Asks: 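The structure is given below, and queries will be raised subsequently.
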2 protein chains.
Amino acid sequence: MKAADKAKHRTDMISSALRSAILERVLMPGMKLPEDSLGERFGVSRTLIRQSLERLAAEGLVELRRNKGAMVAKPSLEEARDLFELRTQIEDLVISRVIKNMNPEILDELEAHLAKEIAAEHASEPISIRLATEFHILLAKLAGSPVLLRYVEEIGYRCGLTLSLYARPHSTDCGIQEHRQIIDALAKGDEETARELMRHHLTAVADRALFTTVEGGPLLYLDALEPYAKKVRDGGA
Amino acid sequence: MKAADKAKHRTDMISSALRSAILERVLMPGMKLPEDSLGERFGVSRTLIRQSLERLAAEGLVELRRNKGAMVAKPSLEEARDLFELRTQIEDLVISRVIKNMNPEILDELEAHLAKEIAAEHASEPISIRLATEFHILLAKLAGSPVLLRYVEEIGYRCGLTLSLYARPHSTDCGIQEHRQIIDALAKGDEETARELMRHHLTAVADRALFTTVEGGPLLYLDALEPYAKKVRDGGA
DNA sequence: TGTGGCGAAATTGCATGCAATCCTTTATAC
DNA sequence: GTATAAAGGATTGCATGCAATTTCGCCACA
């Protein structure tokens with residue numbers, strides 16, 4: 001076996017690439033995702049693209065209409081509300097669990113992530129957006145429950161997608177300040193405050209998102225995908 | 001379009017068939033699921049089987065090891081505990097929501113399901129087991145949140161699978177009495193009692209499950225799958 | 001008798017091909 | 001000029017084929 005034996009297989013890499021592209025708003029809700037165009041870009045056959053699309057569809061990031069192809073999901077306002085409401089309740093569980101597991105290493109990881117967020121804040125809008133989502137996922141990892149993690153990931157991704165539909169472009173969708181405060185409360189072991197802050201944070205995000213309608217019927221054009229595809233073709237992560 | 005235009009496609013039917021077979025303990029944890037044997041049984045090519053297996057793997061009912069094929073998932077005790085713990089917390093949310101939506105129609109549905117459970121109680125063990133799981137899923141449906149429903153489904157199925165590994169065979173895994181009480185509390189609109197009953201119910205199920213080890217290395221033999229396959233081949237639901 | 005390795009059979013990973021379906025455009029009738 | 005219909009092109013649904021990987025049986029050898 002080679003040194004850097006590719007841990008995952010191509011389907012995983014393609015799914016991840018597409019997921020990132022969606023979260024970084026390179027692929028916008030409603031964009032078509034034709035199998036052969038993608039296959040050509042990624043240098044694989046339709047088979048693998050199909051698998052990836054199905055996986056993303058299971059996560060709710062892609063809509064898969066029979067005989068009509070795939071497109072980036074375009075959640076309705078109702079779905080979006082449902083999503084954010086559940087998110088608040090689920091991440092409440094996360095906070096409770098993280099508090100129980102709290103230790104210096106965990107704190108380090110959180111601080112490290114926050115540092116990344118701060119670094120990207122003025123450097124790259126798309127990456128900053130993705131990092132905001134991943135803060136919540138990091139928390140879920142630290143909660144120590146694989147199943148809970150999966151759900152937070154999925155909800156987080158879908159909320160990220162929703163924000164790209166409904167949030168106004170230049171709001172920092174997930175206030176870094178708010179992440180800061182949550183970490184501080186966790187560091188102090190103050191469960192009540194941490195939960196309250198998280199609830200408040202998520203409500204704020206949802207509010208910023210769900211009352212500004214950004215209509216605009218986009219369609220094709222996946223040229224912007226090229227950097228993501230290249231990484232996969234070159235075997236990168 | 002034909003009268004009974006097949007609402008779903010063959011992949012869905014196959015996934016459902018396999019899921020039922022797992023929940024009814026026809027397919028036991030650890031059993032191998034080779035693509036061509038299944039394809040032959042179901043009268044389709046490996047392609048569709050593969051898709052179905054991947055879907056079930058995403059749900060956690062099937063384990064998919066690269067180059068080594070699929071098998072019915074065999075959750076560790078640790079995973080099982082994680083699952084049941086989260087289940088308790090998630091279904092707590094379900095109860096809260098169902099209470100808010102409570103109305104006579106909902107009550108009817110619950111009563112109808114309970115009637116089915118009672119009918120199957122002494123008639124068919126496998127079906128009785130499946131119905132017990134589906135009681136919880138019906139509740140989640142009535143909660144009105146599609147996302148929450150998906151998670152309850154998944155957790156419920158996985159818990160059902162877990163029970164077939166760890167629970168002693170002849171316990172009624174989900175006491176019908178307990179379902180009865182929960183419905184009554186819901187009917188009265190007594191949220192606290194309903195939540196408490198559900199917590200107690202799920203804890204009881206978990207306890208019955210997680211302390212009896214039913215070792216036994218099963219492997220192949222999917223002949224028992226035949227009835228499930230037949231339904232799919234004939235285009236039934 | 002137990003162990004290591006070699007080769008064949010079984011099984012998956014992926015690409016490709018053909019048929020079915022849907023969408024678009026063009027042509028024709030009113 | 002609008003509307004309807006038919007043909008052509010594009011795209012998915014599914015099956016099949018070949019290469020790669022794993023598994024298992026077999027034999028040599030300690």
Side-chain angles (χ1 to χ4, degrees), chain A residues 1-2 5-18 27 30-58 62-73 217 219-222 225 229 232-235, chain B residues 1-2 4-18 27 30-58 62-73 217-222 225 229 232-235:
Chain A
M1 70 182 79
K2 281 168 264 165
D5 197 20
K6 28 187 164 193
K8 313 180 129 202
H9 257 207
R10 279 183 283 175
T11 301
D12 302 272
M13 300 200 302
I14 294 167
S15 311
S16 299
L18 290 175
L27 296 177
M31 278 177 84
K32 285 205 64 180
L33 300 170
E35 292 175 1
D36 14 7
S37 324
L38 290 176
E40 208 174 330
R41 282 254 173 231
F42 284 96
V44 301
S45 88
R46 293 196 297 128
T47 308
L48 295 191
I49 299 295
R50 212 179 167 66
Q51 262 181 301
S52 302
L53 289 176
E54 240 151 84
R55 198 173 299 182
L56 293 174
V62 159
E63 259 168 61
L64 219 50
R65 274 144 21 174
R66 192 184 325 294
N67 281 322
K68 288 170 77 185
M71 63 178 219
V72 180
L219 270 186
L220 207 32
Y221 287 115
L222 354 112
L225 247 192
V232 171
R233 286 200 306 271
D234 298 352
Chain B
M1 73 185 80
K2 281 169 260 159
D5 195 20
K6 29 186 163 190
K8 312 180 131 206
H9 258 209
R10 280 182 282 173
T11 300
D12 302 272
M13 299 199 303
I14 295 168
S15 311
S16 299
L18 289 176
L27 296 177
M31 279 177 84
K32 284 205 66 180
L33 301 169
E35 293 175 1
D36 16 5
S37 324
L38 291 176
E40 208 175 330
R41 283 255 173 230
F42 283 96
V44 300
S45 87
R46 292 196 299 129
T47 309
L48 296 192
I49 299 294
R50 210 176 167 67
Q51 262 181 305
S52 303
L53 290 177
E54 240 152 83
R55 198 173 298 184
L56 294 174
V62 159
E63 260 167 61
L64 219 50
R65 275 145 19 177
R66 191 181 323 295
N67 281 320
K68 288 170 76 186
M71 64 177 221
V72 181
L219 268 186
L220 209 30
Y221 287 115
L222 354 112
L225 248 192
V232 171
R233 286 199 306 271
D234 299 351

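By convention in this document, chain letters (A, B, ...) are assigned in the order of the sequence lines, proteins followed by strands, and residues within each chain are numbered from 1. Because the structure is a prediction, the values reported are computed rather than measured.
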Asks: Let's go through B/Arg55 and B/Val62 carefully: what are the C-alpha distance in whole Å and the side-chain angles of both, what is the deciding distance for side chain to side chain contact (heavy atoms under 4.5 Å, CB included) to 0.1 Å, and is it a yes or a no?
Replies: CA-CA 9 Å; B/Arg55 198 173 298 184; B/Val62 159; over 6 Å; no
Asks: With side chain to side chain contact (heavy atoms under 4.5 Å, CB included) as the criterion, how do B/Gln51 and A/Glu54 come out once you've worked through the C-alpha distance, each side chain's angles and the decisive distance to 0.1 Å?
Replies: CA-CA 9 Å; B/Gln51 262 181 305; A/Glu54 240 151 84; 2.7 Å; yes
Asks: Would you indicate, yes or no, if C/dG13 has its OP1 or OP2 atom less than 4.0 angstrom from a side-chain nitrogen or oxygen of A/Arg50?
Replies: no
Asks: Any side-chain N or O of A/Thr47 below 4.0 angstrom from OP1/OP2 of C/dC14?
Replies: no
Asks: Atom CD of A/Gln51 to atom C1' of C/dA15: distance rounded to whole Å?
Replies: 12 Å
Asks: Please state how far atom CD1 in B/Ile49 lies from atom C1' in D/dG13, giving the value in whole angstrom units.
Replies: 15 Å
Asks: Measure the distance from CD on A/Glu40 to C1' on D/dT11 and round it to the nearest whole Å.
Replies: 14 Å
Asks: Quickly work out the A/Glu35 CD to C/dC14 C1' distance and round it to whole Å.
Replies: 14 Å
Asks: What's the CD-P distance between B/Glu54 and C/dT12, to the nearest Å?
Replies: 12 Å
Asks: With a 4.0 Å cutoff (strictly under), does any side-chain N or O of A/His9 reach OP1 or OP2 of C/dT12?
Replies: no
Asks: Side chains of B/Leu53 and B/Leu18: does their closest heavy-atom pair fall under 4.5 Å?
Replies: yes
Asks: Using a cut-off of strictly less than 4.0 Å, decide whether B/Arg46 has a side-chain nitrogen or oxygen near OP1 or OP2 of D/dT16.
Replies: no
Asks: Rounded to whole Å, please give me the gap between CG in A/Leu64 and C1' in D/dT12.
Replies: 10 Å
Asks: Would you indicate whether the side-chain heavy atoms of A/His9 and B/Arg66 approach each other to under 4.5 Å?
Replies: yes
Asks: Provide, to the nearest angstrom, the distance between the CG atom belonging to A/Asp36 and the P atom belonging to D/dG13.
Replies: 12 Å
Asks: To the side chain of A/Ser45, which of C/dT16, D/dA15, C/dT12 is closest?
Replies: C/dT16
Asks: Find out whether A/Leu56 and A/Leu33 are in side-chain contact, i.e. whether some heavy atom of one side chain is under 4.5 Å from a heavy atom of the other.
Replies: no
Asks: Search all heavy atoms of A/Leu64 against all heavy atoms of A/Ala57 and return the closest pair with its distance.
Replies: CD2-CB, 3.9 Å
Asks: Please list, pair by pair, any protein nitrogen or oxygen found under 3.5 Å from a nitrogen or oxygen in nucleotides 22-24 of chain C.
Replies:
from, atom 1, to, atom 2, distance (Å)
C/dC23, OP1, A/Lys68, NZ, 3.4

Asks: Could you give the CG-to-C1' distance, from B/Asp12 to D/dC14, as a whole number of Å?
Replies: 15 Å
Asks: Of the non-hydrogen atoms in A/Lys32 and A/Lys68, which two are nearest, and what is the gap between them?
Replies: NZ-O, 4.3 Å
